[in-house]
4 protein chains.
Amino acid sequence: MTLRIGVVGTGAIGRDHMRRISKTLSGGEITAVTDVNLESASLAVRELDLNAEIFPDDASLIASDQVDAILVTSWGPAHEGTVLKAIEAGKYVFCEKPLAVTAEGCMKIVNAEMRHGKRLVQVGFMRRYDSGYVQMKKAIDNHEIGEPLMIHCAHRNSEVNAAYTTDMAMTDTLVHEIDVLHWLVNDNYKSVQVVYPKKTRHALEHLKDPQMITLETEGGIVIQVEVFVNCKYGYDIQCEVVGEDGIIKLPEVPGIVYRKDAQLRVNLLTDWKQRFIDAYDKELQDFIDSIRETGEPNGPTSWDGYVAAVTAGACVTAQKTGEREPVRLGVKPEFYKEIGKTKEII
Amino acid sequence: MTLRIGVVGTGAIGRDHMRRISKTLSGGEITAVTDVNLESASLAVRELDLNAEIFPDDASLIASDQVDAILVTSWGPAHEGTVLKAIEAGKYVFCEKPLAVTAEGCMKIVNAEMRHGKRLVQVGFMRRYDSGYVQMKKAIDNHEIGEPLMIHCAHRNSEVNAAYTTDMAMTDTLVHEIDVLHWLVNDNYKSVQVVYPKKTRHALEHLKDPQMITLETEGGIVIQVEVFVNCKYGYDIQCEVVGEDGIIKLPEVPGIVYRKDAQLRVNLLTDWKQRFIDAYDKELQDFIDSIRETGEPNGPTSWDGYVAAVTAGACVTAQKTGEREPVRLGVKPEFYKEIGKTKEII
Amino acid sequence: MTLRIGVVGTGAIGRDHMRRISKTLSGGEITAVTDVNLESASLAVRELDLNAEIFPDDASLIASDQVDAILVTSWGPAHEGTVLKAIEAGKYVFCEKPLAVTAEGCMKIVNAEMRHGKRLVQVGFMRRYDSGYVQMKKAIDNHEIGEPLMIHCAHRNSEVNAAYTTDMAMTDTLVHEIDVLHWLVNDNYKSVQVVYPKKTRHALEHLKDPQMITLETEGGIVIQVEVFVNCKYGYDIQCEVVGEDGIIKLPEVPGIVYRKDAQLRVNLLTDWKQRFIDAYDKELQDFIDSIRETGEPNGPTSWDGYVAAVTAGACVTAQKTGEREPVRLGVKPEFYKEIGKTKEII
Amino acid sequence: MTLRIGVVGTGAIGRDHMRRISKTLSGGEITAVTDVNLESASLAVRELDLNAEIFPDDASLIASDQVDAILVTSWGPAHEGTVLKAIEAGKYVFCEKPLAVTAEGCMKIVNAEMRHGKRLVQVGFMRRYDSGYVQMKKAIDNHEIGEPLMIHCAHRNSEVNAAYTTDMAMTDTLVHEIDVLHWLVNDNYKSVQVVYPKKTRHALEHLKDPQMITLETEGGIVIQVEVFVNCKYGYDIQCEVVGEDGIIKLPEVPGIVYRKDAQLRVNLLTDWKQRFIDAYDKELQDFIDSIRETGEPNGPTSWDGYVAAVTAGACVTAQKTGEREPVRLGVKPEFYKEIGKTKEII
């Protein structure tokens with residue numbers, strides 16, 4: 001009854017998840033591993049002291065009868081192929097973002113999954129499992145603040161390296177807000193606009209930083225997100241939903257309170273990995289538990305992966321045009337309507 | 001040496017200022033009063049037990065040799081005329097906002113004052129005297145957060161009455177942010193755009209509420225202001241400046257902290273008059289002190305009144321077009337460059 | 001109708017009050033000044049550009065028909081004599097703490113005032129005018145937290161100089177809590193105990209610091225006060241009242257909020273003078289206004305000065321014995337029962 | 001390599017831990033269960049769908065070669081016997097508090113464990129695994145606040161039922177502070193005093209509530225703990241350590257921030273089980289991991305269990321005498337000196 005998991009991709013995030021499954025969580029077991037670099041796969045297995053078989057590629061790993069579910073933590077462009085093969089084989093998939101690097105690729109997965117007839121795929125948007133967002137979701141669903149009207153967000157990193165490009169602010173950074181916000185308010189994006197404030201001197205020459213994104217939903221909610229990836233002071237995620245009857249806001253990361261050196265202060269995080277560490281645990285535990293208990297995963301769906309890809313794409317267009325750009329999602333299939341509701345996880 | 005003040009307009013704000021000058025502040029004295037309704041003027045004098053002469057109109061009051069400075073708290077459209085007459089007579093003026101209801105009217109005052117050759121006029125933008133804004137100004141001027149890049153603001157009222165129209169969100173509400181923000185970051189507005197989020201059910205049919213305003217400065221700072229005048233929960237002014245090296249934010253209004261009924265809480269204000277009560281005291285005391293000590297007022301200038309009028313006008317245009325509208329201020333005269341610096345007032 | 005004030009003592013606190021009365025407050029005027037050092041008196045008058053007569057001593061100043069009220073800001077041991085002379089002359093008195101350096105001295109003043117038959121004296125316990133304490137007082141009087149059961153306080157200074165002795169922690173520092181807390185909960189002290197925690201290395205050899213004081217009231221409220229006068233990090237006043245139905249706590253001093261250097265922080269005060277600057281203004285304005293409006297001062301009474309002296313004395317005894325020591329106040333005279341209620345001052 | 005755990009006692013806390021081990025944590029397995037009520041044992045096994053053998057009593061369960069470690073969650077008075085049998089058999093023990101109901105019983109366990117020669121026992125003081133306390137411990141150990149001088153704590157429950165007696169405030173409630181505080185500051189208790197403030201009307205007739213406890217350590221730290229078990233407003237744990245160079249305080253429980261109904265607020269917990277839910281997970285995971293990795297548990301030791309019993313006993317005496325009572329611990333054996341250091345767990 002333990003969920004037997006095959007891992008495709010043993011880079012940093014892959015190993016983190018492998019450690020999580022084998023050392024922290026309950027009910028899952030890593031039985032198979034592959035990577036484009038087989039040395040890396042072997043090393044990961046040895047380091048974690050796992051009893052897992054090394055496979056030469058994703059196809060053979062997926063085919064193994066020792067594998068119930070595939071954890072896709074390879075290079076982004078490789079996700080689509082692996083996920084499609086896994087669906088073909090009727091295996092469960094936990095796929096790190098992005099589900100696919102194009103909206104078309106995501107739609108292929110959506111269609112394959114619908115043809116299969118049962119939900120198999122969960123996408124690694126972990127914020128839906130964060131205690132703060134879950135509390136906000138409950139408050140909104142319980143009508144504690146009336147209809148949401150506006151959302152003010154900030155996504156700030158201390159700094160980024162030279163490989164980070166202006167469009168990645170949409171596809172790698174904002175994409176987390178894109179996923180969590182439409183889930184939070186049960187609405188669909190309609191348009192997006194991007195403006196560039198004065199640039200920080202801390203950003204490299206090729207990078208526009210910060211950026212201000214305005215998303216509008218079909219229901220009329222106006223969402224403003226500041227993306228600032230060289231803010232220097234820390235890793236900081238802010239989200240405030242303004243409703244007709246009140247406002248709710250994410251809590252600050254809890255820390256001991258100092259009175260020292262004429263200051264009242266709390267330390268902020270600088271490492272993004274620490275911010276959602278509980279959420280990473282919970283998303284994977286939920287993946288394992290849901291499949292074991294109901295036969296289907298319960299987290300963010302292939303459709304959510306598609307929404308993220310389409311919306312991030314529109315944001316990249318809006319970066320270039322400076323205009324309000326439409327987000328064209330099409331109609332959400334019935335297949336995805338009744339699923340994807342996060343259970344009580346706190 | 002006491003500053004002898006003549007009051008033009010004895011409505012609510014006029015009487016508040018009269019009480020302030022006679023019962024709370026030091027160095028000023030109300031010696032003359034007029035109002036379009038002379039009954040009201042007499043009543044105000046009796047209620048406050050003042051030793052002040054009632055004049056039939058602003059012209060005769062300005063002409064009195066018992067009057068050094070004119071406090072203009074009449075109906076907005078009457079401000080321009082009174083201020084021009086006072087300048088003509090070489091008298092000091094403290095004029096409640098708006099300085100004039102048109103940009104042209106403000107410019108006439110600016111020109112009259114420059115012709116006079118010495119600064120006479122202070123406009124009643126009290127926020128520059130608020131302890132929180134003053135602390136922010138100092139932090140920015142001391143380069144504690146590097147160059148300002150973005151500003152996030154909210155201006156929320158519990159509710160407004162039926163007389164409040166959509167454009168008043170710009171001319172009466174946002175106008176306070178318009179004044180205080182360019183002062184805060186020493187920059188000029190370049191453009192403005194307004195979008196309308198989903199409307200709250202608590203707003204009357206004729207009113208668009210909330211509204212989201214984006215102002216850009218010549219230096220590239222992007223300013224977002226949420227104006228929400230039926231937010232129901234209280235009167236709440238938020239301002240956060242994001243700089244290259246850090247962020248600063250207005251403090252919450254201090255209140256005793258309750259632990260009660262499974263909540264940790266602080267009471268919020270509901271009455272806007274209480275929020276800036278100290279700032280009202282300080283702006284008038286500074287007007288009195290500066291004139292007594294230096295022969296000129298030191299607070300917001302006629303030029304600031306003109307900036308507010310032009311910018312609010314562009315905002316009203318932007319409300320209608322939905323587009324980014326230019327703010328055309330022209331060049332700030334040398335006359336206004338070296339003055340208007342707020343002294344240490346905290 | 002302006003209250004004509006004669007000042008006895010032109011040291012630091014005396015000049016602060018003189019500046020306050022002449023430059024900030026309304027309704028009072030300094031008409032007479034004396035000091036044991038007449039040079040100092042003259043200098044103070046010149047610096048503030050006052051139109052006030054210099055008197056050779058307190059007796060002649062009190063006798064002047066240009067003086068309605070005496071501000072006693074001389075050296076502590078001189079207070080008693082001046083206050084008694086002023087009562088004898090039927091003049092109002094605002095006396096900085098201590099009212100007298102002995103309980104007997106305070107009782108002489110109480111008796112003199114009762115013989116005079118009308119309240120004349122206000123003691124300079126300014127905390128009762130602090131916005132935070134006033135909010136707490138209202139919350140308690142409105143039964144928002146039920147019956148008070150415990151109070152947790154801290155009184156912390158950054159550091160003290162070599163002249164500060166262990167008993168001054170009671171007579172100069174704790175005395176402010178002694179005054180404000182019995183007013184806050186409408187109760188009388190019954191006993192006090194002092195314990196000495198481990199000593200900070202930052203205290204000089206002759207000084208015991210910190211100290212923990214436990215006061216019990218007749219009604220059974222247990223009050224714990226930490227006095228720590230070399231805490232290094234700032235000037236910090238904490239007060240939390242635990243009631244049957246909830247808890248209330250003084251607000252932190254409001255300051256702009258920084259996100260910088262991996263910290264979320266607010267600056268704390270280091271200078272005690274800034275903490276209660278509004279309260280100093282309010283106590284003197286209330287003294288002036290109450291006398292002008294009702295013919296009697298309205299703030300802390302001679303009896304409150306006596307309570308402070310007796311209680312601080314018991315605390316000094318408790319410092320030496322380490323035991324629970326009684327606080328013997330006697331019965332509060334009817335004369336003081338109906339007065340001393342602070343008006344709405346915020 | 002999985003740690004095989006036998007459970008003695010299937011009441012509420014026993015089942016919670018069983019669920020934790022089987023559904024949430026990693027590396028442990030429940031292979032044996034017993035209870036004085038064998039029906040209860042069977043029901044627990046069925047409900048959790050465990051593959052575990054039911055034993056007729058603790059002795060036979062301990063003797064089973066399918067069991068590596070014993071989880072003692074029986075009735076308090078039964079703990080001592082089971083723990084001694086387990087040590088005798090050389091099996092690991094995780095024992096819920098109390099280790100034994102008397103100091104003598106705890107000392108027997110200490111001696112048995114030392115005779116065995118290797119550490120076997122961990123006591124269920126979970127607070128040492130709470131993120132807030134761990135941060136405080138690190139800050140103190142890193143000398144961020146200099147030497148600790150005073151500690152201010154509060155332990156508040158919404159309400160207790162009729163079975164809760166005055167001494168339980170020491171043995172069941174304060175005992176958590178007793179354990180965590182000496183660990184926090186690396187010091188030993190020397191004396192304790194208890195005073196009773198005015199009683200809340202919400203306490204039943206037989207119960208004294210609240211209570212104020214003052215503990216002193218050998219190093220001179222003065223610790224004040226308010227125990228208030230009918231505070232009505234919520235479950236609230238406060239801890240502030242005052243050091244020579246600064247102060248640190250536990251964070252508030254994080255919650256989304258509301259602006260609603262003229263209040264700025266965060267919800268507080270009412271159920272104590274939620275407060276330390278992460279700490280419960282971490283203490284058991286650490287027990288499992290430490291034994292698997294090092295062959296010894298790493299958490300609170302038998303000696304810590306003994307310290308808690310002796311200190312709580314002195315507190316109960318102090319409740320009766322009202323005097324400062326000594327805490328006589330004797331010398332900590334070398335055996336316990338080098339162990340028991342909490343690893344990095346956050």
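Here is how names work: the chains are called A, B, and so on, in the same order as the sequence lines, proteins then strands, and each is numbered from 1.
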_Contact winner vs chain A - B:I221, B:T214, B:V222, B:V195, heavy-atom pairs under 4.5 Å_ = B:V222
*What part of A:K198 is in contact with chain B, defined as an atom under 4.5 angstrom from a non-hydrogen atom: side chain, backbone, both or neither?*
both
*Return the option, out of A:G146, A:G246, A:G219, A:C231, with the maximum number of heavy-atom pairs under 4.5 Å with chain B.*
A:G219
*Give a yes or no on whether the backbone of A:R201 and the side-chain of B:E244 come within a donor-acceptor separation of less than 3.5 Å.*
yes
*Which atom pair, heavy atoms only, marks the closest approach of B:P210 to A:L149?*
CD-CD1, 3.9 Å
*Mind ranking B:K232, B:R156, B:K199 by heavy-atom pairs under 4.5 Å with chain A and telling me who comes out on top?*
B:R156
*Considering only heavy atoms from C-beta outward, does the side chain of A:Y233 approach that of B:D245 to under 4.5 Å?*
no
*chain A: which of B:H202, B:E226, B:E147 shares the most heavy-atom pairs with it under 4.5 Å?*
B:E226
_Heavy-atom closest contact (B:R324 atom, A:G322 atom, distance)_ = NH2-O, 4.0 Å
*Among A:M212, A:Q238, A:H152, find the residue that satisfies the side-chain contact (heavy atoms from CB on, under 4.5 Å) test when tested with B:H152.*
A:M212
*Toward chain A, the part of B:Q193 with a non-hydrogen atom under 4.5 Å*: side chain
_Heavy-atom proximity to chain A below 4.5 Å, by part of B:E240_ = side chain
